Amino acid sequence: MTAALRVILGDQLSRNIASLDGLDAAADVVLMAEVMGECTYVPHHPQKIALVLSAMRHFAAALQARGVTVRYVRLDDPENSQSLTGEVARAVRALKPSLVVATAAAEWRVLRDMQGWEAAASVPVEILEDDRFLASRAFFKDWAAGRQSLRMEFFYREMRRAKNILMEDDKPAGGKWNYDSENRKKLPAGIKVPGPKRFAPDEMTRDVMALVEKTFPKHYGGLERFDYPVTAKDAKAGFADFIKHRLKDFGDWQDAMAADEPYLFHSLVSAPLNLGLLDPLDLCRAAEAAYRDGSAPLNAVEGFIRQILGWREFVRGVYWLHMPDYGTRNGLDATRPLPEFYWTGETKMRCMAQAIGQTMDYAYAHHIQRLMITGNFALLAGLHPDAVDEWYLAVYADAYEWVEMPNTRGMALHADGGVVGSKPYAASGAYINRMSNYCGDCYYDVSEATGERGCPFNALYWDFIGRHAKSFAQNPRMAMPVRSLAKMAPEKVKGLRARAAHILAMIDQGGAEL
Ligand SMILES: Cc1cc2nc3c(=O)[nH]c(=O)nc-3n(C[C@H](O)[C@H](O)[C@H](O)COP(=O)(O)OP(=O)(O)OC[C@H]3O[C@@H](n4cnc5c(N)ncnc54)[C@H](O)[C@@H]3O)c2cc1C
Ligand code: SF4
């Protein structure tokens with residue numbers, strides 16, 4: 001008889017996860033299930049589905065090789081009930097364990113289901129905290145308690161101290177907590193970008209890819225360029241390659257964008273990290289070691305560590321502090337549907353076509369593309385947060401609601417009432433032109449705001465400021481553009497408004513003309 005049924009979800013692929021702690025290989029069974037419910041709650045990019053299923057199969061095989069009994073349910077198993085709750089109940093009926101052990105799901109939706117397993121399967125269910133994150137939910141709650149606003153920067157400093165990362169005694173290494181001001185350089189023409197390490201699909205991955213292709217033919221994006229690492233060993237090799245070849249330039253060009261350069265100097269760790277194949281503290285320590293041994297400068301190392309130790313943990317804390325209410329917030333009353341080009345990449349706006357096109361090809365775009373191109377457009381055009389959330393959750397290989405939603409609804413759309421960001425990240429074409437080389441070959445003219453060829457970001461930006469002028473005037477970080485708009489000649493404002501109205505009308509008709 002099975003002693004404990006230990007459930008491992010698709011994003012819990014860590015050998016040291018709480019639910020495997022104390023595993024008795026002679027008596028316990030590990031349950032892993034590929035279920036349709038998780039593949040289709042949004043129309044995920046086929047590369048994301050292939051990545052999760054292949055990584056699950058590799059993880060299960062590694063456990064089996066160590067003598068662990070794994071009940072592995074494949075997506076195309078005719079007995080598969082196609083829901084996690086259904087598979088737990090089915091396994092309990094078959095194996096009659098005295099206990100089900102699980103690690104708390106990272107997403108609110110799945111944790112809610114998990115809390116129903118005990119009733120559904122008529123067996124005690126022990127749900128353990130997910131201690132793979134560096135800040136527990138209780139730590140974040142304590143930190144947030146009594147604060148008027150939650151600012152990532154202060155949370156990050158606490159985390160640096162708590163984990164003793166980049167510290168010199170009780171002071172930050174180099175004397176400053178933050179080197180962001182050095183990390184906003186435009187990419188010089190002709191700079192050589194070392195491509196990331198690629199991982200050709202093995203036989204197990206190719207089997208999964210064939211299954212995904214057959215099962216989800218209509219999902220957005222292609223599988224052809226799939227080359228994600230699907231094991232902890234490969235994920236570590238990919239990260240080591242980043243430390244060796246790209247970390248030193250990560251800071252300088254962190255905010256830069258370039259045509260046909262999907263990755264620049266970014267690490268690409270989000271997809272394997274969110275699956276559990278990498279450990280966040282290991283990543284921070286490895287980056288710190290590169291600073292200590294002189295192979296990467298402080299602005300790059302601090303910038304990278306802030307993303308993992310700061311932003312990643314902060315957005316997770318915000319998510320759990322405010323769910324489920326967070327998922328309904330629409331602070332700027334945005335109502336427009338998502339234009340079709342988000343799903344096709346077919347638009348004359350070169351920056352959007354580039355960001356969306358590479359997303360279709362690789363299920364990846366780097367942070368500034370997500371925030372200042374597709375996110376900025378959605379913000380300025382007033383696209384509904386539900387639609388934008390669904391898109392981000394569907395199209396990226398690293399997307400899970402706990403990290404996707406605070407970034408989308410909070411950081412990009414400012415729909416959360418200012419919890420994640422103290423001001424909207426709104427920008428006109430001038431910012432995109434400064435940080436990229438997209439504009440040179442664009443159909444639109446970035447130096448124009450009106451007329452058929454005027455860059456849509458320009459008119460939309462001023463229209464956005466005008467639409468929200470009353471509330472933005474109260475925000476010290478937004479008061480300047482509100483004042484600039486107020487000082488503009490009325491004829492100019494009229495022209496901008498008319499152009500913006502025309503663009504918004506095109507979006508309302510699906511956006512094909514844009
Ligand atoms: C609208 C929007 C949606 C996003 N959705 C997701 C998502 O679904 N999943 C996801 O992992 N990240 C998301 N991000 C954050 C960030 O864009 C990605 O983590 C990053 O682009 C992944 O690429 P990378 O691994 O090369 O990152 P790098 O630039 O190399 O950064 C290193 C790591 O830091 C972490 N990180 C960096 N920025 C953030 C952030 N803002 N929030 C949380 N972690 C961060 C990630 O783990 C990332 O892998 C989103 C950002 C925006 C603006
Ligand atoms: S001109 Fe405007 S639409 Fe074209 S690439 Fe530049 S910012 Fe984007």
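In listed order, ligands and their atoms are each counted from 1. Treat the numbers as computed from the prediction; the structure is a model and nothing was measured. FYI, the numbering just counts along the sequence from 1.
- Note: Trp391 and Tyr396 have perpendicular aromatic rings, judged against thresholds of 30 and 60 degrees for the angle between ring planes.
- Taking the six-membered ring for Trp and thresholds of 30 and 60 degrees, Phe155 and Phe314 have ring planes inclined between 30 and 60 degrees apart.
- Between His366 and His266, the two ring planes are parallel [angle under 30°; tilted spans 30° to 60°].
- In this structure, Lys348 fails the cation-pi test against Phe341, since its NZ or CZ atom is not both closer than 6.0 Å to the six-membered ring centre and inside 45 degrees of the ring normal.
- Distances under 2.8 Å from atom 4 (Fe) of ligand 2 pick out the protein N/O/S atoms Cys442 SG.
- In Lys185, the NZ atom is crowded: over 12 heavy atoms of neighbouring residues, nucleotides or ligands sit closer than 6.0 Å.
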Quick check for students: name every N or O atom pair between ligand 1 and the protein closer than 3.5 Å, with distances.
unit_1, atom_1, unit_2, atom_2, d
ligand 1, 9 (N), Asp398, O, 3.0
ligand 1, 9 (N), Asp398, OD1, 3.1
ligand 1, 11 (O), Asn274, ND2, 2.9
ligand 1, 17 (O), His367, ND1, 2.9
ligand 1, 21 (O), His367, N, 3.3
ligand 1, 23 (O), Tyr364, OH, 3.4
ligand 1, 25 (O), Leu268, N, 3.4
ligand 1, 25 (O), Val269, N, 3.0
ligand 1, 25 (O), Ser270, N, 3.0
ligand 1, 25 (O), Ser270, OG, 3.4
ligand 1, 26 (O), Ser267, N, 3.4
ligand 1, 26 (O), Leu268, N, 2.8
ligand 1, 26 (O), Tyr364, OH, 2.7
ligand 1, 29 (O), His266, ND1, 2.7
ligand 1, 30 (O), Ser267, N, 2.8
ligand 1, 30 (O), Ser267, OG, 2.6
ligand 1, 38 (N), Gln307, OE1, 3.3
ligand 1, 41 (N), Asn407, OD1, 2.8
ligand 1, 42 (N), Asn407, ND2, 3.0
ligand 1, 49 (O), Ser270, N, 3.1

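- Relative orientation of the His44 and Tyr41 rings is perpendicular, given thresholds of 30° and 60° on the angle between their planes.
- Both the sub-6.0 Å distance and the 45° axial angle are not jointly satisfied by Arg316 relative to the ring of Phe140.
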| request: Before giving the answer on side chain to side chain donor-acceptor pair (under 3.5 Å), spell out for Asn183 and Asn299 the whole-Å C-alpha distance, their side-chain angles and the decisive distance to 0.1 Å. | output: CA-CA 7 Å; Asn183 292 356; Asn299 70 310; 2.9 Å; yes
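- No donor-acceptor contact under 3.5 angstrom links the side chains of Asn458 and Glu448, judged on distance only.
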